[in-house]
Participant: 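I'd like to ask some things about the structure below.
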There are 2 protein chains.
Amino acid sequence: MTTYDRNAAGKPAHLDEVSKKIIEQLQADGRRSYAEIGKAVGLSEAAVRQRVQKLTESGVMQVVAVTDPMQLGFYRQAMIGIRATGDTRLLADRLAELPAVDYVVLTAGSFDILAEVVCEDDDELLTLLNSKIRNLEGVTSTETFVYLKLHKQLYNWGTR
Amino acid sequence: MTTYDRNAAGKPAHLDEVSKKIIEQLQADGRRSYAEIGKAVGLSEAAVRQRVQKLTESGVMQVVAVTDPMQLGFYRQAMIGIRATGDTRLLADRLAELPAVDYVVLTAGSFDILAEVVCEDDDELLTLLNSKIRNLEGVTSTETFVYLKLHKQLYNWGTR
DNA sequence: AGTGAAACGACCGTAGA
DNA sequence: TCTACGGTCGTTTCACT
């Protein structure tokens, strides 16, 4: 599943300190054992496992592999600001279908949509823009921000 | 470590099909056992373990917990486009130090920097913008794109 | 929700092709 | 770089609190 609704699981989750610590442990290393986490947070292995299962099932957290595009041969990344007419949700669906697009967000402001793309090179980026994105129904104009240097990238949203 | 250099580990990594499959397995579930992955890709448990270790050490991949800001009480996200003078790398360092900033990228285009922020509410966002970001040395103007709906969010960059 | 205990399975180091 | 194997540790289930 590539597209998801952040509101799907409902509202807050008001985690206690122990669950926050468990999440921190898994943010540092997603393969850390439940037993080791238990030692760090002062809980039995079984209790940690139950909490992790709940956190995962409720969508608060997931443990996944993240990869570095550069090392996989994708040397060109960019953010595309898009201005559009009509229902931007439909347009967002079309954008999300493109394999090179790894991030789509509907925004308020001078762009209606922001889309991040991952390309092998400038050639692919140019083709993507001209032959795919700018052809989509509703797109009135785009602005491209080529990445010069990715400086900070956190996955631990929300625990700060 | 919150800031990292994507070029740190050098250039390509030309993975074979087996390593790509291993990464796919861990993208689906970061806690899947080496033995189970081995069955899926046709390799012994030890071989999978060695490959995962190499992929992790070389920075091609890492297994981590990712969380949903909404469910942790951060209801307002936004992308801030920043125009600046001087060395934007220094400014990016200052931005990266702010806990609410989870993403900073130096760009070419009508913005010099794009920064994603995660806030509890509009109040915090407003304070962040006015009292923190716009005060930073070198910032000449900002443009804020408040997130209305996060539509697609991939962590599996590069394997497409 | 949590603990503890026993059976099972995964993980890790080492040896060898 | 892979497989094979044994010791160790983690995980799972279940009965209990």
Side-chain angles (χ1 to χ4, degrees), chain A residues 8-73 155-156 158-159, chain B residues 8-73 155-156 158-159:
Chain A
K11 284 295 131 52
H14 77 285
L15 308 179
D16 62 13
E17 288 309 309
V18 175
S19 286
K20 285 182 186 171
K21 281 186 188 171
I22 291 174
I23 292 176
E24 278 168 23
Q25 291 284 319
L26 289 169
Q27 281 170 340
D29 177 5
R31 290 197 70 84
R32 196 161 287 174
S33 75
Y34 297 131
E36 195 180 347
I37 296 170
K39 276 178 224 158
V41 307
L43 224 58
S44 73
E45 178 275 330
V48 172
R49 189 155 35 84
Q50 283 170 187
R51 279 174 181 251
V52 169
Q53 194 177 343
K54 273 201 177 171
L55 290 168
T56 306
E57 282 172 358
S58 66
V60 172
M61 180 197 81
Q62 61 185 129
V63 177
V64 292
V66 298
T67 51
D68 178 353
M70 280 286 202
Q71 296 223 35
L72 295 176
Y155 309 104
N156 25 334
T159 49
Chain B
K11 282 298 129 52
H14 75 286
L15 309 179
D16 62 13
E17 287 309 309
V18 175
S19 286
K20 285 181 186 170
K21 280 186 189 170
I22 291 175
I23 292 176
E24 279 168 23
Q25 291 283 320
L26 289 170
Q27 281 170 338
D29 178 4
R31 292 195 70 84
R32 197 160 287 176
S33 76
Y34 297 131
E36 195 180 348
I37 296 169
K39 276 178 226 159
V41 307
L43 225 57
S44 72
E45 175 273 330
V48 173
R49 189 157 32 88
Q50 285 167 177
R51 279 175 181 250
V52 169
Q53 193 177 343
K54 273 202 177 171
L55 289 169
T56 305
E57 282 172 358
S58 66
V60 172
M61 180 198 82
Q62 61 185 128
V63 177
V64 292
V66 299
T67 51
D68 178 353
M70 280 286 203
Q71 296 223 33
L72 295 176
Y155 309 105
N156 25 333
T159 49

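Model, not experiment: these values are computed from the prediction. A note on names: the letters A, B, ... follow the listed sequences, proteins ahead of strands, and every chain is numbered from 1.
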Participant: List the protein contact pattern of nucleotides 10-17 of chain D with one symbol per nucleotide (5' to 3'): B for base contact, S for sugar-phosphate-only contact, - for none; contact means a heavy-atom distance under 4.0 Å.
Facilitator: SBBB----

Participant: About how many Å separate CG of B/Leu15 and CD1 of B/Ile23, when rounded to the nearest 0.5 Å?
Facilitator: 5.0 Å

Participant: Under 4.5 Å between any side-chain heavy atoms of B/Val64 and A/Val66, yes or no?
Facilitator: yes

Participant: Pairs counted only when both distances fall under 3.5 Å, Watson-Crick or G-U: show me the 5' to 3' dot-bracket for DNA chain D, [ ] for pseudoknotted crossings and | for other-strand partners.
Facilitator: |||||||||||||||.|

Participant: With sequence neighbours left out, write down each residue that passes side chain to side chain donor-acceptor pair (under 3.5 Å) with B/Ser19, or none if nothing qualifies.
Facilitator: B/Asp16, B/Arg51

Participant: Test of understanding: with side chain to side chain donor-acceptor pair (under 3.5 Å), list the residues that count as partners of B/Gln53, not counting sequence neighbours.
Facilitator: B/Glu57

Participant: Could you state the interatomic distance from CG (A/Leu55) to CG (A/Leu26), rounded to the nearest 0.5 Å?
Facilitator: 9.0 Å

Participant: Distance check, rounded to the nearest 0.5 Å: A/Lys54 atom NZ versus A/Gln50 atom CD?
Facilitator: 8.0 Å

Participant: Would you confirm whether B/Gln71, through its side chain, and A/Ser58, through its main-chain N or O, come within 3.5 Å as a donor-acceptor pair?
Facilitator: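 Confirmed, B/Gln71 side chain pairs with A/Ser58 backbone.
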
Participant: Nearest-Å distance, CG (B/Leu43) to C1' (D/dA4)?
Facilitator: 14 Å

Participant: Could you tell me from which nucleotide to which nucleotide of DNA chain C, 5' to 3', there is an atom under 4.0 Å from chain A heavy atoms?
Facilitator: C/dA1 to C/dC11

Participant: Say you draw a straight line from CD1 of A/Ile37 to CD of A/Glu24; how long is it, rounded to the nearest 0.5 Å?
Facilitator: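 These two atoms lie 11.5 Å from each other.
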
Participant: Going by side chain to side chain contact (heavy atoms under 4.5 Å, CB included), name the residues that satisfy it together with A/Arg49, two or more places apart in sequence or in a different chain.
Facilitator: A/Tyr34, A/Glu45, A/Ala46

Participant: Which pairs count as salt bridge (charged side-chain N to carboxylate O under 4.0 Å, His left out) when at least one residue sits in residues 26-37 of chain B, sequence neighbours excluded?
Facilitator: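 Qualifying pairs: none.
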
